Amino acid sequence: MSACVPARADSARTKHVHPPHSPPPGGPRRFRVAGADVSAAIAVFLIALPLSLGIALATGAPLQAGLVAAAVGGIVAGRIGGCPLQVSGPAAGLTVVTADLIQQYGWRTTCAITVFAGIAQLGLGCLRVARTALAVSPAIVHGMLAGIGVTIAVAQLHIVLGGTPQSSVPDNLIALPAQLANLHPADVAVSVLTLTVLLLWPRLPGRAGDVLGRLPAALIAVGGATAVAALTGLRLPKVDLPSWSSHALASLPEGPVLGLVAAVLTTTLVCSVQSLLGAVAVDKLVAARPALTGRVKRSDLDRELLGQGAANIVSGSLGGLPIAGVAVRSSANVAAGAVSRNSTMLHGVLVVIAALLLVPALELIPLASLAALVMSVGLKMVSLNHIRTVTRHREVLVYAVTTCGVVFLGVLEGVVLGIAVAVGVALHRLTRTRITHDDVEGVHHVHVRGQLTFLAVPRLSRVLHQVPHRADAVVELDGSFMDHAAYETLQDWQKTHTAQGGAVDITGRRPGTRISEPAEVDGCRCRPWTPWRNHQCERPSKAPAPGTDRPAAAGAPTGESSGTTTGPNASGTSGESGVPGAHGAPATTGATDQPRGHELARGISAFHRNTAPLMRRELARLAREGQQPSQLFLTCADSRVVTSMITSSGPGDLFVVRNVGNFVPLPGEESGDDSVAAAIEYAVDVLKVRSITVCGHSGCGAMQALLGADPAGTRTPLQRWLRHGLPSLDRVPADAAEDGRERPRLAGRAPADAAERLCLANVVQQLEHLRAHESVARALGTGDLELQGMYFHLGEAQSYLLSEDAEGGVFELVRETNLTA
């Protein structure tokens, strides 16, 4: 057998061995818990212990049930769930539901309902419908939580005053005057002390406040109230934890079948929605946290639903409360620096230890202190921030109806009522269309704001017939939908009005809304910044003649202020010098009988039709007030670099200077370029810009040409212009380490090639040239100006900003941020 032919391996005899150049396989992996997880688990445990007892007290369940739910939520949901850092346990959002179930069916049946709710959650998790639950309007969820919070606060107020709560909010409100007339001073004193500590503990001033503030306020409040009650000998009701041997477990449910089914559905809904929303919130908290040594995975919502279902089955079977993700404990877990699910599980283990070994200490806690703690949690569930948010989004009606429904009818009834109102509001918005008619200097403007459906046809027809015959009319469609009835009404009126000698121009937010224009003239359906290739739309109706090429599209959209384009532009076009139109762009016709200028005309026509109506008011303001840009942006003339897009800027924001290679010639240099210096002087001294940015980009043709240029070659304008890049070339010798200096670089990786290395060095070099200009040096000296370096990677669509703190200069990737937070 030839040595070049591999022998066929006998699979039965082949042994799996580790590669010869890799270390031998190690022994079994040891279970390790990071120090951050241990400290986070202790912090969460200290919060969970008093809250679990308080929520059990508020529901009327045995107090051990709260500890069972906290332990099971930490261990089972923490191990199986899909959100590693979410802490599950008895939640305040479940208090009203559980209290109603206990009062109606008894404790043992309530445990059985919890088990069946867990089974339902397992089924939903297997069906992978977790994302569907997030479709519920946030106004409904916030309204549900607010209603539950009000119910909790009103009920616990009776215990704070030394009495016993009633079964519903109206009954509690009716009994409140009699309770106020029969106060128990000891209970009130302990409750006031608890609430005072809860309020003031996070606000302790100075260095002592920073140190003591790390301890949970809930633990300090309850512990302080317990200590005061014990030292002063106050006689008041306290925690009673019977022997675990007499702990009540689940039994077969008893009661009407429909009622039990509704109870299971209600528990499943509240547990699932609260847990899933909590997982999404935890992801946001983790993303906003500084970078960690251990990377935390994003939540798997379907797995989280499976984990919550398993936890509810175990909790209900062991006589525990229903379980859901808890916002307070989850936020504390993230803030304490937890890096894995080990912190959640360890907190559950600590609850088990406390439930077994700390019973004598727990039985010293006054019930009034726990009631005050739970009442404060209920009041926090009515969030002013949520109210402001729903008001801003015009959903306050949904929020208010859901809240009132939960308070006066029940959780399930309130949620159903909120969903019905939300659907009604959505339908109202869909069918609400405003149609106005204005006569501006003889031109009749009909403005349609909203969706055009058959319901709006009578009003549309009435307004259109107010336009006189033979008059010029502009119909502005400000919506995203038009059904067939509205389309025919508008088309018939347009034909009739045109036949009578009038002129009609129909404009719209969407490209292609002009009704009567032939398809071969306006067949382009490009949208801004969707995947396109230079907006080259092909015409299906006309194919190019054999042997002819399709013309290339010209330019790209822009949104910049007036600027200057200096230096030779090798391509003859740039992102700004092409065809405008942020909502419509030029496209090739694909026909050979159209002149090349038709592309420019098409782009301008799209701008007039789609963008100009939206921008006219803003551009008119800029025309009156003049330009006041905040930045001078100096970048390459490359047509792929669209500065308005990568900086999210609009008209009047940037004063742009573009040239081949984004060069800044030194002042007074032979073969200099006064146009660049003039633009710099005008921007700094006249426009008073606050910053100047020099932006290079990947794949720059000027850098490629500079690498292969002959220093002596100055025969063409382009060769003479490239001489301004020779200082940049000197910064990057062939051997980058020959002088031991650090070179400009990208954070996290080395430059891809010599051209990228030269591009980074060129940005730094041009910033040095900028400092040599008199106007720039003067503004820098007074602190009125700052210089920035930027690198844009075309292929990655990512921008890097120069940080000159490190030696040689490092370009740091600009991270995504939540601008709405």
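For clarity, every value in this text was computed on a predicted model and none was experimentally measured.
To the nearest 0.5 angstrom, Leu654 atom CG is 11.0 Å from Gln627 atom CD. Expressed to the nearest 0.5 Å, how far CG of Asp478 lies from CZ of Arg449 amounts to 6.0 Å. To the nearest 0.5 Å, atom OG1 of residue Thr635 and atom CD1 of residue Ile646 are 6.5 Å apart. Interatomic distance, Leu145 CG to Ile140 CD1, rounded to the nearest 0.5 Å: 12.0 Å. Put simply, CD on Gln491 and NZ on Lys495 are 4.0 Å apart, with the number rounded to the nearest 0.5 Å. Between the CZ atom in Arg690 and the CG atom in Leu632 there is a gap of 13.0 Å [rounded to 0.5 Å].
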Q: Begin from the C-alpha positions of Tyr399 and Thr391 and carry the test side chain to side chain contact (heavy atoms under 4.5 Å, CB included) through to its verdict.
A: CA-CA 9 Å; Tyr399 179 89; Thr391 303; over 6 Å; no
**Q.** Chi angles and distances behind the side chain to side chain contact (heavy atoms under 4.5 Å, CB included) call for Gln766, Leu634
**A.** CA-CA 10 Å; Gln766 303 313 313; Leu634 198 150; over 6 Å; no
Q.
Checking Val467 against Trp493 for the side chain to side chain contact (heavy atoms under 4.5 Å, CB included) test, could you report, in this order, the C-alpha distance in whole Å, the side-chain angles of both residues, the deciding distance, and whether it holds?
A. CA-CA 10 Å; Val467 179; Trp493 173 82; 4.1 Å; yes
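Annotation: side chain of Ile680 is in contact with side chain of Ser775 (closest heavy-atom distance under 4.5 Å). Contact check for Arg658 versus Val641: side-chain heavy atoms found under the 4.5 Å cut-off. No side-chain heavy atom of Gln631 sits under 4.5 Å from any side-chain heavy atom of Val689. Side chains of His447 and Asp438 form no contact here, defined as non-hydrogen atoms less than 4.5 Å apart. Within the 4.5 Å cutoff, the side chain of Ser299 has no heavy atoms near those of the Val280 side chain. Using a 4.5 Å cut-off on side-chain heavy atoms (C-beta onward), Phe663 and Val676 make no contact. Counting heavy atoms from C-beta on, the side chains of Asn385 and Thr389 come closer than 4.5 Å. For the pair Met482/Leu490, a side-chain contact is recorded, criterion being any heavy-atom separation below 4.5 Å from C-beta on.
Asp638 places no side-chain N or O within donor-acceptor distance of the main-chain N or O of Cys700, the cut-off being under 3.5 Å. Proximity of a side-chain donor or acceptor of Asp283 to a complementary backbone N or O of Arg298 within less than 3.5 Å is not detected. Between the side chain of Ser461 and the backbone N or O of Val457, no donor-acceptor pair lies under 3.5 Å. No donor-acceptor distance shorter than 3.5 angstrom exists from the side chain of His428 to the backbone of Gly424, with no hydrogens or angles considered. In this structure a side-chain-to-backbone donor-acceptor pair under 3.5 Å is present from Thr403 to Gly143.
Shown are Asn662, Val694, Ile692, Thr647; of these, the side-chain contact (heavy atoms from CB on, under 4.5 Å) with Phe633 is made only by Thr647.
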Enumerate, atom names and distances included, each donor-acceptor pair closer than 3.5 Å involving a side-chain atom of residues 785-798, sequence neighbours excluded.
from, atom 1, to, atom 2, distance (Å)
Gln788, NE2, Thr693, OG1, 3.3
Tyr791, OH, Glu756, OE2, 2.7
His793, ND1, Gly795, N, 3.3
His793, ND1, Glu796, N, 3.1
Glu796, OE1, Tyr800, OH, 3.2

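Among all heavy-atom pairs drawn from Asp653 and Gly650, the shortest one is OD2-N, 2.7 Å. Nearest heavy atoms, Ala422 versus Val398: CA-CG2, 3.8 Å. The shortest heavy-atom contact between Ala456 and Leu452 is CB-CD2, 4.2 Å. Taking both residues in full, the closest heavy atoms of Asn659 and Trp721 are given as CG-CZ2, 3.4 Å, listed atom of the first, atom of the second, then distance. In plain terms, the two heavy atoms of Leu722 and Ala702 that are nearest each other are CD2-O, 4.1 Å. When all heavy atoms are compared, the tightest approach of Val382 to Ala146 is CG2-O, 3.6 Å.
The ring pair (Phe, Tyr, Trp, His ring centres under 6.0 Å) check on His386 picks up His142, with sequence neighbours excluded. His393 is linked by a ring pair (Phe, Tyr, Trp, His ring centres under 6.0 Å) to nothing, counting only residues two or more places apart in sequence or in another chain. Residues passing the side chain to side chain donor-acceptor pair (under 3.5 Å) test with His445, sequence neighbours excluded: Glu476. Glu625 meets the salt bridge (Lys or Arg N to Asp or Glu O under 4.0 Å) test with Arg621; sequence neighbours excluded. Legend: residues meeting salt bridge (Lys or Arg N to Asp or Glu O under 4.0 Å) with Asp300, ordered by chain and number and at least two apart, are absent.
Within a 6.0 Å radius of CZ in Arg459, other residues, nucleotides and ligands contribute more than 12 heavy atoms. Counting heavy-atom neighbours within 6.0 Å of His465 NE2, excluding the residue itself, gives a total of 12 or less.
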